[in-house]
Protein chains: 2
Amino acid sequence: MSRRGQPNVATGERRQVILAAALACFDEIGLAATTMEQIRDRARCSIGSLYHHFGSKEGVASALFIDGISDLNAGLLERLDHCGSAEDGVRTVVLHYGDWVTRQATLARFLLHSREIHFAPEAKAELKAIYQRHFGAVFSWFGRFVVRGEMKQLPPETYIPIISGPIEDYARLWLSGRTSTPLAEVAEVFADAAWNAVRAR
Amino acid sequence: MSRRGQPNVATGERRQVILAAALACFDEIGLAATTMEQIRDRARCSIGSLYHHFGSKEGVASALFIDGISDLNAGLLERLDHCGSAEDGVRTVVLHYGDWVTRQATLARFLLHSREIHFAPEAKAELKAIYQRHFGAVFSWFGRFVVRGEMKQLPPETYIPIISGPIEDYARLWLSGRTSTPLAEVAEVFADAAWNAVRAR
DNA sequence: CATATTCTAGAATGAAATTCTAATGTGATA
DNA sequence: TATCACATTAGAATTTCATTCTAGAATATG
């Protein structure tokens, strides 16, 4: 079998350069308002190169989105592994979100403001698979505590909004500069609230 | 004094026709993907008229957004007036949101998916004023219960995310068709969760 | 080295947002 | 009623920008 013409070694690097340039543009100018030329200028490459690697502007945004979500998710599963109680788990979900958003503020701003991306079918499928795998793992982690009666039994689709919704909402606020209190300073408040909302009492 | 050149009577109507057409387009095709021509065709008007009334595509979106938010807000203040306890108030905030989103699903979908709108400075200022007035009223309504010790004392900016964040998050999920359980069926769950998160215990 | 394939480049194309110019409608005033 | 000032409508012209196309340079494999 022929393996000729495999991706060049430098390709991954070029991709990263483009993604970084795109993120900076999206952040400063907004997704809709940045042009491919602006991305090209910042990445110091050609239009052809942009389209070769990502196919379209939405392709660039999709890749950025998927990379970001994957990083966020991976970090949570990592930390959840070291948790020993329902309360510890719930608080970790909230606090990890807060930490990640604080650490990756620019990327987080992009993720949170990008409900507008018109994902191509393949990207949509990839995202769906990522979410399924991730939330499958999270639910299987928490399941036992519900069974044991340490957490309320609720309609399954409501756990995530109840636990993550508030800090996500605040993150949007903070990232858009409409509040002065840093996310890190109020993360514990949201961790408390989440636990109070789902603990069996 | 001259009052020549006042807005024509029919103007408000034309504006509404355009906004309705735009909302339908945005909902079916997406904000980014709908063209001014599509809006024009649906509204049965000219390009010139579109630009005369709204200045740009984002102008159309901004107007739609502001109208929607105003309606949502007004409804809440109305209902809050008839509430007599902290619990009643908190539950009403959540349930009104659920009712409104259910009733105005299309408009709600637009509002929730439109973090992407690049508001012009005037629209931004108008929105800010609207938010200030609204949340001022809401906070003044709830303030006494915090003072009386019936609700937890929390950093002020955290109440809204804690109370509204979860149902808002779920609304996004439901409106985008990613969950089968209607919002109306789980609204009470979110009302419970909100009250449990902020009640003094 | 030969060759298949990836990658880069930038000009050409086409679609769509926006601008522009002219005409028409409308209400207020004399 | 006639006229004026401005609001409104219209659609052609322009501009901007995503995307496509064609060709050449680079790279990996046999």
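Below, all heavy atoms of this structure are taken into account, side chains as well, without hydrogens, waters or symmetry copies. Below, chain A is the first sequence line, B the second, and so on; all start at residue 1.
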message: Is the ring pair A/Trp141/A/Phe145 parallel, tilted or perpendicular, if the boundaries are 30 and 60 degrees?
response: tilted

Interatomic distance, [X] [atom1] vs [N] [atom2] [rounded to whole Å]:
X        : N      : atom1 : atom2 : result
A/His118 : D/dA18 : NE2   : P     : 16 Å
B/Phe54  : C/dT19 : CZ    : C1'   : 19 Å
A/Ile18  : C/dC7  : CD1   : C1'   : 11 Å
A/Glu13  : D/dA26 : CD    : C1'   : 15 Å
B/Lys57  : D/dC17 : NZ    : C1'   : 13 Å

Salt bridge between [X] and [Y], side-chain N to carboxylate O under 4.0 Å?
X        : Y        : value
B/Glu150 : B/Arg144 : no
B/Glu37  : B/Arg42  : no
A/Lys152 : B/Asp192 : no

Under-4.0 Å side-chain N/O to phosphate OP1/OP2 contact, [X] with [N]:
X       : N     : value
A/Arg14 : C/dC7 : no
B/His53 : D/dT9 : yes
A/His52 : C/dC7 : yes

- line: Among the nucleotides D/dT8, D/dG11, D/dT20, whichever has the atom closest to the side chain of B/Ser46 is D/dG11

statement: Taking for B/Ile47 and for A/Glu58 the nucleotide of DNA chain D with the nearest heavy atom, the one nearer the 5' end belongs to B/Ile47

- prompt: Donor-acceptor pair, A/Arg40 side chain versus A/Ile47 backbone, under 3.5 Å?
  reply: no

- request: Return yes if some donor-acceptor pair links the side-chain N/O of A/Tyr159 with the main-chain N/O of A/Leu154 below 3.5 Å, else return no.
  value: yes

message: By nearest heavy atom, map A/Cys45 and B/Tyr51 onto DNA chain C; which one lands nearer the 5' end?
response: A/Cys45

task: For DNA chain C, find the residues of residues 19-42 of chain B with a heavy-atom distance under 4.0 Å and give them by number; none if there aren't any.
output: B/Thr34, B/Thr35, B/Met36

- prompt: NE2 of B/His134: more than 12 outside heavy atoms within 6.0 angstrom?
  reply: yes

- prompt: For A/Arg44, does the CZ atom sit with more than 12 other heavy atoms under 6.0 Å from it, leaving out its own atoms?
  reply: no

Test of ring centre spacing under 6.0 Å for B/Tyr97 and B/Phe190: no

message: Based on the rotation axes of five pairs at each end, what angle does the helix from C/dC1-D/dG30 to C/dA30-D/dT1 bend through, to 10°?
response: 10°

